[in-house]
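Here is the structure we will look at, set down as structure tokens.
Only a predicted model underlies this, so the values are computations on that prediction, with no experimental measurement involved. Counting starts at 1 for both ligands and their atoms, following the listed order.
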Amino acid sequence: MKTLLAIETSCDETAAAVLRGYGEVLSHTVFSQADIHSAFGGVVPEVASRSHLQSAPWIVDETLNAAGIGVGELDAVAATNGPGLASALLVGSALAKGLAIGAGKPYLAVNHLEGHMLSPFFGHAEIPPHTSLVVSGGHTLLFDVRGFGDYQLLGRTLDDAAGEAFDKVAKLLGLGYPGGARIDQLAREGNPERFDFPRGMIDSGDYDFSFSGLKTAVRVFLEKHAPADADLPDLCASFQAAVLDVLLAKLFRAARECGHRAVAISGGVSANSALRSCADGRAKRDGVSLHTAPPGLHTDNALMIAYAAAHHAAAGRTSAIDEDIHPNFDPARLQAS
Ligand code: KG4
Ligand code: ZN
């Protein structure tokens with residue numbers, strides 16, 4: 001069984017993890033920069049990379065100490081090398097490469113989205129055939145997954161990502177950044193049918209998504225109606241229902257059309273309580289199994305990177321030490337990795 005250190009710095013979480021095999025967590029640390037960026041209303045790349053630079057060395061050190069092992073006992077050092085903010089990715093990948101060179105260990109570059117995509121199967125050696133919905137702050141992607149390393153992109157957002165829509169609407173509602181979890185919380189007390197917001201592209205017949213029209217609809221509504229604080233829960237619930245309806249309609253239709261008996265939802269938005277309960281209901285109705293990541297592994301973390309790295313290591317793959325970062329999402333790179 002291999003023991004891997006993974007480092008994740010693609011956006012505004014500085015994270016490190018030590019994983020043995022596919023599910024023995026020796027330690028894992030996530031430091032969120034959200035409080036630093038909230039003052040700016042969103043992630044500032046320069047601020048993110050400086051914060052990673054300050055935090056990553058001691059976070060890696062503490063994570064190794066908590067695991068009770070030294071770099072010399074690792075089988076490989078992995079890091080997220082994209083997609084993400086270039087200046088943020090550079091910090092984690094350079095640190096991983098430095099450790100790998102210093103200790104004479106292999107380096108493993110891992111795709112952040114593959115980390116999210118595999119996270120619902122954390123602990124398992126096998127990735128079953130399934131339809132995968134990755135919903136994060138930066139991406140909304142639907143994949144036909146036939147097994148580890150065999151991913152076919154079915155659709156993606158044409159504008160805002162689902163998490164981005166949550167964050168932008170939260171900002172419009174004065175709920176701060178990042179607002180997804182706050183909308184989730186308020187929506188629990190609200191009526192999802194009170195306001196009728198558009199379900200963008202729900203009948204488009206393809207697997208692509210669009211959320212910018214929904215965001216605009218909420219903005220126009222707020223300009224016209226100046227709702228009271230008491231309306232906030234209903235607004236959150238109605239907006240959230242519009243996002244979930246489209247996500248789940250396409251996910252379960254794709255599962256039917258691909259002939260899969262399993263679906264998986266991952267990424268920060270998969271922490272959403274309504275998304276999870278609606279998905280659970282639909283999965284039962286359709287007779288498919290629903291997979292989501294264990295608690296704490298929905299939003300960015302390094303354990304999901306270590307878990308993806310464990311699959312690559314088992315397949316005998318390592319990365320060249322001069323492997324570059326790849327800030328932009330490229331489906332071909334995900335497939336080939
Ligand atoms: O996967 P993630 O940590 O980062 C990216 O890779 O982008 O996702 C962060 C996103 C943010 O947009 C955040 O608002 C959203 O996930 N999020 C949620 C919830 N928790 C986090 N959205 C809806 N409901 C939640 N409970
Ligand atoms: Zn992410």
Side-chain angles (χ1 to χ4, degrees), residues 6-15 17 30-35 37-38 41-43 45 48 52 79-85 88-89 92 110-120 132-141 156-157 160-173 175-188 190 192 209 211 214-215 233 236-237 239-244 246-248 264-279 292-293 295-308 327-329 334:
I7 304 173
E8 155 65 44
T9 61
S10 65
C11 190
D12 61 343
E13 266 88 23
T14 315
V30 180
F31 169 71
S32 171
Q33 303 173 3
D35 287 347
H37 297 288
S38 65
V43 178
H52 285 308
T80 306
N81 79 327
L85 302 170
L89 289 165
V110 175
N111 187 293
H112 181 80
L113 296 168
E114 187 178 37
H116 277 307
M117 195 199 296
L118 301 184
S119 63
S132 171
L133 175 67
V134 182
V135 270
S136 69
H139 301 272
T140 301
L141 304 165
R156 61 198 291 186
T157 183
D160 293 348
E164 194 178 351
F166 269 92
D167 293 338
K168 286 180 173 170
V169 166
K171 207 167 167 179
L172 290 172
L173 297 174
L175 301 176
Y177 171 86
R182 187 84 184 99
I183 288 186
D184 182 358
Q185 205 181 20
L186 282 163
R188 281 176 217 176
F209 303 90
F211 294 108
L214 171 58
K215 173 196 65 192
C236 288
F239 156 76
Q240 186 173 271
V243 177
L244 304 196
V246 187
L247 291 176
L248 296 179
I265 312 179
S266 60
V269 180
S270 71
N272 187 275
S273 55
L275 174 64
R276 296 160 73 87
S277 63
C278 292
T292 55
L297 301 197
H298 306 108
T299 48
D300 288 350
N301 66 89
L303 263 183
M304 68 182 193
I305 303 302
Y307 176 62
N328 297 323
F329 172 58
L334 186 61

**Fill in**
Judged by heavy atoms only, the candidate from Gly163, Pro178, Ser136 nearest atom 5 (C) of ligand 1 is Ser136
**Request:** Drop me the distance from Ile7's CD1 to Thr14's OG1, to the nearest 0.5 angstrom.
**Result:** 10.5 Å
**ligand 1 atoms in contact with Gly138 (distance to a heavy atom under 4.0 Å)** = 7 (O)
**Request:** Between His112 and ligand 1, find which residue part has any heavy-atom pair under 4.0 Å and reply side chain, backbone, both or neither.
**Result:** side chain
**Prompt:** Can you tell me the protein heavy atom closest to atom 17 (N) of ligand 1 and the distance?
**Reply:** Gly268 O, 3.5 Å
**Prompt:** Does the side chain of Phe211 come within less than 4.5 Å of Leu247's, by heavy atoms?
**Reply:** yes
**Asked** Would you say Ala181 touches ligand 1, if touching means a heavy atom closer than 4.0 Å?
**Response** yes
**Request:** Mind listing the closest non-hydrogen atom pair of Ser119 and Ser266 along with its distance?
**Result:** OG-CB, 3.7 Å
**Derivation of the side-chain contact (heavy atoms from CB on, under 4.5 Å) call for Met117 and Asn111** = CA-CA 10 Å; Met117 195 199 296; Asn111 187 293; over 6 Å; no
**Request:** For atom 10 (C) of ligand 1, grab the closest protein heavy atom and report residue, atom and distance to one decimal in Å.
**Result:** Gly137 N, 3.5 Å
**Asked** Got Leu175 and Cys236 here, is their nearest side-chain heavy-atom distance under 4.5 Å?
**Response** yes
**Asked** In the protein, which heavy atom is nearest to atom 22 (N) of ligand 1, and how far is it?
**Response** Gly180 CA, 3.5 Å
**Message:** In this structure, does ligand 1 have an atom that sits under 4.0 Å from one of the heavy atoms of His116?
**Reply:** yes
**Request:** Could you tell me the residue and atom name of the protein heavy atom closest to atom 3 (O) of ligand 1, and the distance to it rounded to 0.1 Å?
**Result:** Asp300 N, 2.9 Å
**Asked** Counting from 1, what ligand 1 atoms have a heavy atom of Thr299 closer than 4.0 Å?
**Response** 3 (O), 21 (C)
**Asked** For atom 26 (N) of ligand 1, what's the nearest protein heavy atom and its distance?
**Response** Asp184 OD2, 2.9 Å
**Message:** Just so I know, are the side chains of Val30 and Leu303 near enough to count as touching, which here means a heavy-atom distance under 4.5 Å?
**Reply:** no
**Prompt:** Is any NZ, NE, NH1 or NH2 atom of the basic residue among Asp184 and Arg188 found under 4.0 Å from an Asp or Glu carboxylate oxygen of the other?
**Reply:** yes
**Item:** Distance in Å, Leu133 CG paired with Ser270 OG, rounded so as to fall on 0.5 Å steps
**Value:** 8.5 Å
**Distance filter under 2.8 Å, centred on the Zn ion (ligand 2) - protein N, O or S atoms that pass it** = His112 NE2, His116 NE2, Asp300 OD1
**Request:** Go through the structure and list residues passing ring-ring contact (aromatic ring centres under 6.0 Å, His included) with His139, not counting sequence neighbours.
**Result:** Phe329
**Request:** May I ask you to test the Gln33-Val43 pair for a side-chain heavy-atom distance under 4.5 Å?
**Result:** no
**Prompt:** At a 4.0 Å threshold, what atoms of ligand 1 neighbour a non-hydrogen atom of Val269?
**Reply:** 16 (O), 18 (C), 22 (N)
**Prompt:** Tell me, which protein residue and heavy-atom name are nearest atom 14 (O) of ligand 1, and how many Å apart are they?
**Reply:** Asp167 OD1, 2.6 Å
**Prompt:** Hey, does Phe239 have a side-chain heavy atom less than 4.5 Å from the side chain of Leu173?
**Reply:** no
**Closest non-hydrogen atom pair, Gln240 against Ala274** = NE2-CB, 3.1 Å
**Message:** Walk me through whether His298 and Val269 qualify under side-chain contact (heavy atoms from CB on, under 4.5 Å).
**Reply:** CA-CA 7 Å; His298 306 108; Val269 180; over 6 Å; no
**ligand 1 contact on Asn272 by region, counting heavy-atom pairs under 4.0 Å** = both
